[in-house]
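This report refers to the structure that appears directly beneath it.
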Amino acid sequence: MTNLWSFLLQTLTASGVAVLLLVVKGMFRDKLSPRWQFSVWGVLALVLLVPAGLGGRYALANWTLLLEALRSTLSGHYGTLTQVIAPVPLPSLTMPGSVEEWLYVIYVTGVAVLLLRYLFVYLRLRLALRRSHPEADPRMQAAAQQYGLRACPVVRVSGLTSAFICGVSRPVLALPAETEPDEKVLLHELMHLKYHDAAWGLLICFLRCLHWCNPLLWICANLAQNDMESLCDQRVLERLEGEERRAYGHILLDMADERYARFSGTSSMANGVKNIRRRIQAIARFKKYPAGMRLVSVCVILALTVPLLVGVRGEIAMNPRVFPFDETKTTAVMAKARTLRCSTPDGAVDCYAKAVLTGKADFRAICAPLSEQDSLAEEYQESGGFHATSWTSLQLPGIVLRNEGYDVFNFFPDGKDAYTCLLGVHLSDSFDPVALSSEFNELLAVQPLRVEKLDVRWVVLPQGEFQVIETQYPYNQGIKEHVPVWAYEAKEGDFTLQVKVQTSAYVGTLSSTESYPQLCPQPYGTFTSVCTEDIQVIYTGTEAGKKTYSKIDISYRPIAEGKQRPKLSTLDGRRDATPGIIISRSIPLTGNQPSAFSIGGNIIQFYGDFSLPGYYAADLYLDDELTAELTLLPKGGPYD
């Protein structure tokens with residue numbers, strides 16, 4: 001936690017979980033054992049110790065959305081994103097310059113003061129107990145041996161009315177100097193020692209200090225300590241019989257002393273008069289729970305823990321019409337957009353592409369850097385918000401055919417946490433000033449993009465304006481003309497072999513929003529991709545020489561960078577299109593082919609990242625005779 005908003009996110013998340021646990025505990029209070037009643041607080045402890053909003057997921061609700069909307073409403077700015085780096089406060093090294101910064105300083109100061117106070121009290125108690133010379137106690141040793149438990153040193157303290165274990169690494173048992181405690185009191189403290197309850201008490205105290213200004217979490221901390229004592233009572237009663245259980249209740253009542261309640265780092269039985277009365281009532285209705293209930297308890301805790309820790313993601317559907325005022329509408333919608341934060345580079349490109357197709361500034365805000373959020377909010381408000389039909393900063397060179405979707409060409413890594421690609425969207429030829437050439441029947445507006453991970457979000461950075469190109473139809477049936485490719489090349493005599501590689505991708509299936517069918521952003525999506533290879537032969541000899549050959553065969557195989565060139569197999573059985581397997585293409589030569597012609601290729605569908613081969617191994621056959629074993633080396637990238 002580095003500022004007031006990150007603290008509010010952490011404590012709001014924990015408060016939502018606390019309310020849920022209180023409801024669930026109330027439902028199962030008489031049905032599940034004290035073991036479950038105490039263990040379920042571990043769910044809240046985990047939520048408090050895991051940074052809220054980790055990975056863009058939130059426990060129960062998108063609390064960041066609420067805080068960002070409030071923050072933008074108060075400040076009028078949109079270029080922020082509340083996040084929790086650590087579940088503990090990290091003090092700022094700069095002088096506070098605003099009210100919220102001063103409030104955060106007050107919060108951090110309160111945490112420090114409380115921690116120091118508890119530490120001082122604990123150290124003073126340890127020093128006082130050390131002066132009493134801890135020693136082995138025969139009655140403690142006998143009780144530990146009788147019940148098969150571990151013993152610890154004992155100190156006698158004058159004026160003490162309640163026994164307790166003090167310390168975690170070197171625990172000691174503090175006993176009243178004036179009286180001999182009952183054996184059941186020793187058993188109670190030995191159970192605390194066995195299950196390290198002093199350590200659990202310190203953790204509860206630490207979490208209480210972190211959220212000292214949240215009264216709900218203080219209540220939960222008190223209830224957790226009460227449940228820990230009730231669990232210890234349950235463990236003691238399971239080892240006692242008949243009248244011994246009744247006597248144990250009287251012992252608790254005699255120790256109802258408020259002076260020793262909530263002593264950090266100890267296991268004081270005296271946790272307040274009201275709480276001891278509740279414990280006595282629990283003793284009166286004591287029962288041993290069936291062994292099968294442990295499995296039920298574990299299942300209930302897991303059913304709570306997994307969804308609360310994994311959390312939920314923000315949803316895409318954004319309907320700002322529920323907000324009565326335009327200013328509030330923009331604040332809420334833009335907060336929704338930037339808190340969705342794209343978790344994959346594929347999803348970031350999908351959000352950008354669908355912003356292009358719809359013209360919605362809020363779609364663009366999902367994948368835009370925080371520095372652009374203020375200008376996007378202004379565009380959103382000026383264009384009519386939910387009913388916007390144009391994104392003014394795009395300046396597209398034609399009418400976009402939304403229902404045709406988009407394609408992402410040549411999406412490849414470009415350093416750490418960065419990718420480059422070329423976005424293509426369809427344009428209507430009716431509005432383009434350039435007539436289509438006879439061999440082409442499709443217009444694309446293309447724009448180079450760079451995708452980077454900035455902090456916790458993947459963002460899209462346009463690398464230039466949209467340009468119009470002419471290409472052929474349909475998609476994914478070969479190399480798309482006038483779209484950049486990677487080329488690999490080798491020469492042998494009068495022949496040049498060239499392999500062109502091009503990828504195209506889109507995210508999932510196109511779903512819908514209320515206003516724009518098939519155009520719902522998917523910030524968590526992954527690409528469905530196709531890699532197209534096309535092998536081309538370029539003949540550089542004479543026309544007379546071309547007629548001397550009747551058939552050409554090429555076998556080729558992509559080879560990873562650094563791998564040695566393998567021997568390719570003979571002509572038979574070389575028509576497998578599986579990635580990495582040798583592929584064969586054969587074509588008869590009639591002497592009428594142009595100087596450069598394609599003899600086929602390969603189409604591979606893949607998911608996730610695709611690595612370009614380091615080179616291609618190829619065998620050239622002329623009239624069924626092996627003419628050359630070639631190595632096709634990279635000739636250039638798509639933007640060279």
Side-chain angles (χ1 to χ4, degrees), residues 1-19 44-56 58-124 201-222 224 262 264-265 331 334-335 338-339 341 369-371 373-374 454-457:
M1 296 180 285
T2 56
N3 54 48
L4 180 66
W5 299 100
S6 59
F7 163 70
L8 290 175
L9 175 59
Q10 187 75 16
T11 201
L12 267 178
T13 301
S15 297
V17 173
V19 171
L44 180 58
L46 288 174
V47 171
L48 285 167
L49 294 173
V50 173
L54 184 65
Y58 310 92
L60 297 180
N62 186 349
W63 303 100
T64 308
L65 170 61
L66 175 64
L67 293 176
E68 284 300 325
L70 177 62
R71 192 174 189 174
S72 295
T73 301
L74 294 176
S75 67
H77 297 293
Y78 300 85
T80 60
L81 182 61
T82 300
Q83 56 178 310
V84 180
I85 299 174
V88 296
L90 303 175
S92 175
L93 300 180
T94 59
M95 189 68 182
S98 64
V99 174
E100 67 179 62
E101 290 176 355
W102 277 110
L103 289 175
Y104 181 69
V105 169
I106 293 173
Y107 158 69
V108 174
T109 303
V111 173
V113 169
L114 276 177
L115 286 174
L116 290 174
R117 175 180 176 273
Y118 280 120
L119 179 62
F120 174 76
V121 171
Y122 174 74
L123 292 177
R124 188 176 65 177
L202 283 177
L203 176 61
I204 294 172
C205 177
F206 175 71
L207 296 176
R208 188 201 302 263
C209 292
L210 290 185
H211 297 268
W212 62 268
C213 48
N214 188 332
L216 176 61
L217 296 183
W218 272 69
I219 292 172
C220 290
N222 291 338
R262 311 298 177 214
S264 62
T331 299
M334 296 303 293
R338 67 181 179 272
T339 57
R341 52 168 136 170
L370 293 178
S371 59
Q373 298 291 325
D374 283 338
L454 298 181
D455 203 1
V456 296
R457 304 169 71 239

Determine whether [X] and [Y] make a side-chain contact, defined as any pair of heavy atoms from C-beta on separated by less than 4.5 Å.
X	Y	result
Leu370	Thr80	no
Leu67	Leu12	yes
Arg338	Ser72	yes
Glu101	Asn3	no
Gln83	Trp5	no
His77	Asp374	yes

Examine distances only and state if a side-chain atom of [X] and a backbone atom of [Y] form a donor-acceptor pair shorter than 3.5 Å.
X	Y	answer
Trp212	Leu114	no
Gln373	Tyr78	no
Asp455	Arg457	no
Gln10	Leu48	yes

*For Phe7 and Leu210, work out which heavy atoms get closest and say how close.*
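Looking at all heavy atoms of both residues, the shortest contact is CE1-O, 3.9 Å.
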
*To the nearest 0.5 angstrom, please state how far the CG atom of Leu9 sits from the CH2 atom of Trp63.*
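Taking CG in Leu9 and CH2 in Trp63, the distance rounds to 10.0 Å.
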
*Measure the OG1-CG distance between Thr11 and Leu217 for me, rounded to the nearest 0.5 Å.*
5.0 Å

*Any chance the side chains of Thr339 and Glu68 put a donor and an acceptor closer than 3.5 Å?*
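There is no such pair between these side chains.
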
*asked:* Filter on side-chain hydrogen bond (donor to acceptor under 3.5 Å, both in side chains), then keep only pairs touching residues 102-114, sequence neighbours left out; what's left?
replied: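 Checked against side-chain hydrogen bond (donor to acceptor under 3.5 Å, both in side chains) - neighbours excluded - no pair reaches residues 102-114.
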
